[in-house]
Amino acid sequence: MQIRTLQIEDLEAVSAVCMEAFMASVAESLSEEGIATFTKVAASDAFFERMSKDTNMLVALSDDEIVGVAELREGHHVSMLFVRPDHQRHGIGTQLLDALLLLTHSPKVTVSASLSSIAAYQKYGFIDCDDINEIAGLVYQPMDITLPK
């Protein structure tokens, strides 16, 4: 397993990983609006646009194939963490999150966890920090973790 920074040539593969994982575990719990919103956010051109902002993006590779993606916005918010369904439950998400948290600028890191991912974030140490919310059809649980010094 290799973790590295996302490159421009990775954009289509990263978008495909996000959509495959989203459709397998999140989409069924959302409205058409939520699915459309996520599809726009996960598009390769949206990733490209965010690359020029205060965002760190990492990919996980297995046999030179992208199988996971993680994104940290503004040094403190996990905005994407997806692993291809056929590679889940092998520690790839944990490795991506570990690598992402090394890039933080703040002792407190937040995430807007999809309802299906709450247990995974709790296992990592994140806690609920507000009520379940919805924006543009995306339903999420605000969570955070305070990192050790």
Side-chain angles (χ1 to χ4, degrees), residues 1-8 10-11 13-30 33-35 37-62 66-85 87-149:
M1 180 65 46
Q2 178 189 5
I3 306 288
R4 66 163 171 77
T5 301
L6 179 138
Q7 306 294 315
I8 289 175
D10 300 330
L11 293 174
V14 163
S15 178
V17 166
C18 289
M19 288 307 302
E20 185 179 354
F22 173 83
M23 295 306 287
S25 64
V26 181
E28 67 186 18
S29 67
L30 298 179
E33 178 189 20
I35 295 169
T37 297
F38 184 82
T39 299
K40 289 177 189 170
V41 171
S44 56
D45 60 335
F47 271 102
F48 179 75
E49 183 180 321
R50 292 193 304 274
M51 287 177 87
S52 66
K53 299 183 178 176
D54 185 9
T55 303
N56 296 98
M57 299 179 192
L58 303 175
V59 293
L61 293 102
S62 176
I66 294 175
V67 296
V69 61
E71 182 176 346
L72 182 72
R73 192 177 70 225
E74 300 172 354
H76 70 87
H77 183 76
V78 178
S79 55
M80 290 271 191
L81 181 60
F82 288 97
V83 175
R84 242 177 47 191
H87 282 73
Q88 291 177 0
R89 301 206 187 336
H90 296 116
I92 296 169
T94 298
Q95 289 180 50
L96 278 165
L97 193 53
D98 285 343
L100 207 61
L101 293 180
L102 293 174
L103 303 171
T104 62
H105 304 308
S106 171
K108 185 170 282 203
V109 177
T110 60
V111 67
S112 298
S114 62
L115 301 186
S116 61
S117 67
I118 292 171
Y121 282 108
Q122 286 172 333
K123 183 177 175 184
Y124 198 87
F126 282 79
I127 58 170
D128 298 355
C129 61
D130 206 345
D131 295 331
I132 292 173
N133 203 344
E134 179 178 344
I135 294 178
L138 295 174
V139 180
Y140 64 93
Q141 172 64 61
M143 303 180 82
D144 64 26
I145 187 171
T146 301
L147 302 175
K149 294 182 180 183

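Everything numeric in this text was worked out from a predicted model, so none of it was measured. We number each residue from 1, following the sequence as shown.
Formation of a donor-acceptor pair under 3.5 Å by the Arg73 side chain with backbone atoms of Arg50 is not found in this model. Side chain of His90 to backbone of His87: a donor-acceptor contact under 3.5 angstrom is found. Formation of a donor-acceptor pair under 3.5 Å by the Thr37 side chain with backbone atoms of Gly137 is not found in this model.
Judged as a salt bridge (Lys or Arg N to Asp or Glu O under 4.0 Å), and not counting sequence neighbours, Lys123 has no contacts. For the side-chain hydrogen bond (donor to acceptor under 3.5 Å, both in side chains) test, no residue two or more places apart in sequence or in another chain qualifies with Asp54. Listed by chain and number, the residues in a side-chain hydrogen bond (donor to acceptor under 3.5 Å, both in side chains) with Ser117 are Ser114 (sequence neighbours excluded). With sequence neighbours excluded, the residues forming a side-chain hydrogen bond (donor to acceptor under 3.5 Å, both in side chains) with His77 are Thr110, listed by chain and number. Taking the side-chain hydrogen bond (donor to acceptor under 3.5 Å, both in side chains) definition, one finds that Arg4 meets it with Asp10, sequence neighbours left out.
Between Phe38 and Phe82, the ring centre distance stays below 6.0 Å.
For the atom pair Leu115 CG and Ile132 CD1, the distance stands at 5.0 Å (nearest 0.5 Å). The distance from the OG atom of Ser112 to the CE atom of Met80 is 11.5 Å, given to the nearest 0.5 Å. Once rounded to the nearest 0.5 Å, the distance linking CG of Leu103 with OG1 of Thr5 reads 7.5 Å. Between the CE atom of Met23 and the OG1 atom of Thr39 there is a distance of 7.0 Å, given to the nearest 0.5 Å. In this structure, the separation between CD on Gln95 and CG on Leu97 is 11.0 Å, given to the nearest 0.5 Å. Between the CD1 atom in Ile118 and the CE atom in Met143 there is a gap of 6.0 Å [rounded to 0.5 Å].
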Quiz item: Is there a side chain to side chain contact (heavy atoms under 4.5 Å, CB included) between Gln122 and Asp128 once you walk through the steps?
Solution: CA-CA 8 Å; Gln122 286 172 333; Asp128 298 355; 3.8 Å; yes

Practice problem: Assess whether side chain to side chain contact (heavy atoms under 4.5 Å, CB included) is satisfied between Asp144 and Val109, documenting all intermediate values. | Solution: CA-CA 5 Å; Asp144 64 26; Val109 177; over 6 Å; no

Practice problem: Could you check Thr146 against Ile127 for side chain to side chain contact (heavy atoms under 4.5 Å, CB included), going step by step and ending with a plain yes or no? | Solution: CA-CA 9 Å; Thr146 301; Ile127 58 170; over 6 Å; no

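Residues Met1 and Val67 approach most closely at CE-CG2, 4.3 Å, considering heavy atoms. Closest of all the heavy-atom pairs between Leu138 and Gly34 is CD2-O, 3.2 Å. Contact record, Leu81 with Ala70: CD1-CB, 3.8 Å, taken as the closest heavy-atom pair. The two residues Ile3 and Ala99 have their closest heavy-atom pair at CG2-CB, 3.9 Å. For the residue pair Ala13 and Ile66, the shortest heavy atom distance occurs at CB-CD1, 4.0 Å. Here the closest non-hydrogen pair linking Ala42 and Ser15 is O-OG, 2.7 Å.
With a 4.5 Å cut-off on side-chain heavy atoms, Val41 and Phe22 do not count as touching. The shortest side-chain heavy-atom distance between Leu6 and Leu11 falls under the 4.5 Å cut-off.
Screening residues 131-142 for side-chain hydrogen bond (donor to acceptor under 3.5 Å, both in side chains), with sequence neighbours left out, gives Asn133-Tyr140.
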